[in-house]
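I have placed the structure first, in the form of structure tokens, so that the comments after it can refer back to it.
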Amino acid sequence: MSLSHGRDLFMTPGPSIIPDRVLNAMHRAAPNIYEGDLIETTDGILDNLRKVARTDGDPTIYISNGHGVWEAALHNVLQAGDKVLCLVTGTFGNGWADVATKMGIEVELIDFGTSSCFDVAKVAEVLRADTGEIKAVLATHTDTSSSVSNDIAALRKAIDETRHHALLMVDCIASLGCEPFEMDAWGVDVMVAACQKGLMVPPGVAFTFHNAKAAAVSENTPKSSPYWDWIPRTNPARFYMRFSGTPPTHHLFGLNEALTMLVDEEGIENVWARHAKQAQAVWAAVDAWAEAGAIRGNVSNIADRSIAVTTVVSDTVNLTPLHQWCQDTAGLVLGVGIGFGGYEPHQIFRIGHMGHMNPVMLLGALSTIEAGLSALQIPHGEGAIAAAGHVLSN
Ligand SMILES: *Cc1c(COP(=O)(O)O)cnc(C)c1O
């Protein structure tokens, strides 16, 4: 018997839960795309995007998903034959490297494994040995497959110490609007993000952000794609040039509402603090379950853990029945396992704790997982839910 007759809960690390306010903001008649409200709304969105990313640089909005802006970012500052250094701590790091390779960019890849942050000393060593070939360093802030979060400020510092000129390009698709990120203070030259994770909007628009250094490189980079070129979009002579055509009208209304909630009402630092608290509650539960040895959080060092998503792995148990039990019996959809570092999808589940979420949802999800573990006789330590509740109430 399935007891699942309410609204299903999606604890997936993107697309994330869409607030009703965002949905309602999108529920309106088609606007004028040549003048009026939409143009002012877009200016407000660009200002708030800068505030979320903590930059005075230029955001560009594309009708795209994350894969698209991976390509957009590379296209604007690199050309075929250029070389980049890719730092990999999970599947998404490899994904960006693949896109670069397919664009004819030469990729030197350093694989740091999938359970801890990259080693910046190793990066510095490679840059010191480089004779000016490497044009950019590509890094993932949070790799959503492994749930490793990387220290971007430390990476910048290490690059600066080598006096290497490479651009620093960072994938914040999973982390923007969840985890502390300081584009300007950390010296990030190019950043990419998308709307369907921390920004709580249905998939469909994605972003590049670039600073003056990247803008200068871009001016001297020949472009083969007029669509991805960010120059006409950055200072458009006409509004439609900002989007290289028809704007994503209703996504803009939804995004405007989401940014109002995050920036104008809650404040981005409070958003980060809320995500940190939620993550600590999840870790308390996962670490308690791990006591019995069957499942454990993939990242043991707390400083290397993402506060937007937690990947749980098992060396011994098939977790596919747990996914099924949670979904079919209880109405809880967990994040699927994206295979990484020797783990197959059936050895993994992921808890997305990003975006629009409260303790009811979080504790409901954790309790449901625990009920599933019990029902399927998967060994797990005691006290997980109490531990999570303790974190949330302190
Ligand atoms: C989700 C994600 C992507 C891919 O985004 P899509 O919108 O699915 O193309 C890339 N990088 C990271 C870190 C992600 O979390």
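Every number for a ligand or one of its atoms is a count from 1 in the order of the listing. This chain uses plain numbering: 1 for the first residue, then up along the sequence.
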Considering residues, nucleotides and ligands other than Asp37, do more than 12 of their heavy atoms fall under 6.0 Å from its CG?
yes

Salt bridge Arg233-Asp58, side-chain N to carboxylate O under 4.0 Å
no

For His353 and Thr310, run side-chain hydrogen bond (donor to acceptor under 3.5 Å, both in side chains): C-alpha distance rounded to whole Å, both residues' side-chain angles, the deciding distance at 0.1 Å, then the answer.
CA-CA 8 Å; His353 32 89; Thr310 296; 2.7 Å; yes

Tell me the contacting part of Gln196 for ligand 1: side chain, backbone, both, or neither, using a 4.0 Å heavy-atom threshold, strictly below.
side chain

of all protein heavy atoms, closest to atom 15 (O) of ligand 1 is Thr144 OG1, 2.3 Å

Between ligand 1 and Val309, can you find any atom pair, the residue atom being a heavy atom, that is separated by under 4.0 Å?
no

For Trp283, is the NZ or CZ atom of Arg305 found under 6.0 angstrom from the centre of its six-membered ring and inside 45 degrees of the ring axis?
yes

Which option out of Thr91, Val170, Asp171 puts a heavy atom nearest to atom 12 (C) of ligand 1?
Asp171

If we set the cut-off at 4.0 Å for heavy atoms, which region of Asp143 has an atom near ligand 1: side chain, backbone, both, or neither?
neither

Counting from 1 in the order shown, the ligand 1 atoms closer than 4.0 Å to a non-hydrogen atom of Gly66 are 5 (O), 6 (P), 7 (O), 9 (O)

Tell me the contacting part of Trp70 for ligand 1: side chain, backbone, both, or neither, using a 4.0 Å heavy-atom threshold, strictly below.
side chain

Test of proximity, Lys197 against ligand 1: N or O pairs below 3.5 Å
yes

Any chance you could measure Ile295, atom CD1, to Leu319, atom CG, to the nearest 0.5 Å?
7.0 Å

Tell me which protein heavy atom sits closest to atom 8 (O) of ligand 1, plus the residue, atom name and distance to 0.1 Å.
His67 ND1, 3.9 Å

Is a side-chain donor-acceptor pair under 3.5 Å present for Glu179 with Thr142?
yes

Quick one: look at Asn65 and ligand 1, take heavy-atom pairs under 4.0 Å, and tell me if it's side chain, backbone, both or neither.
both

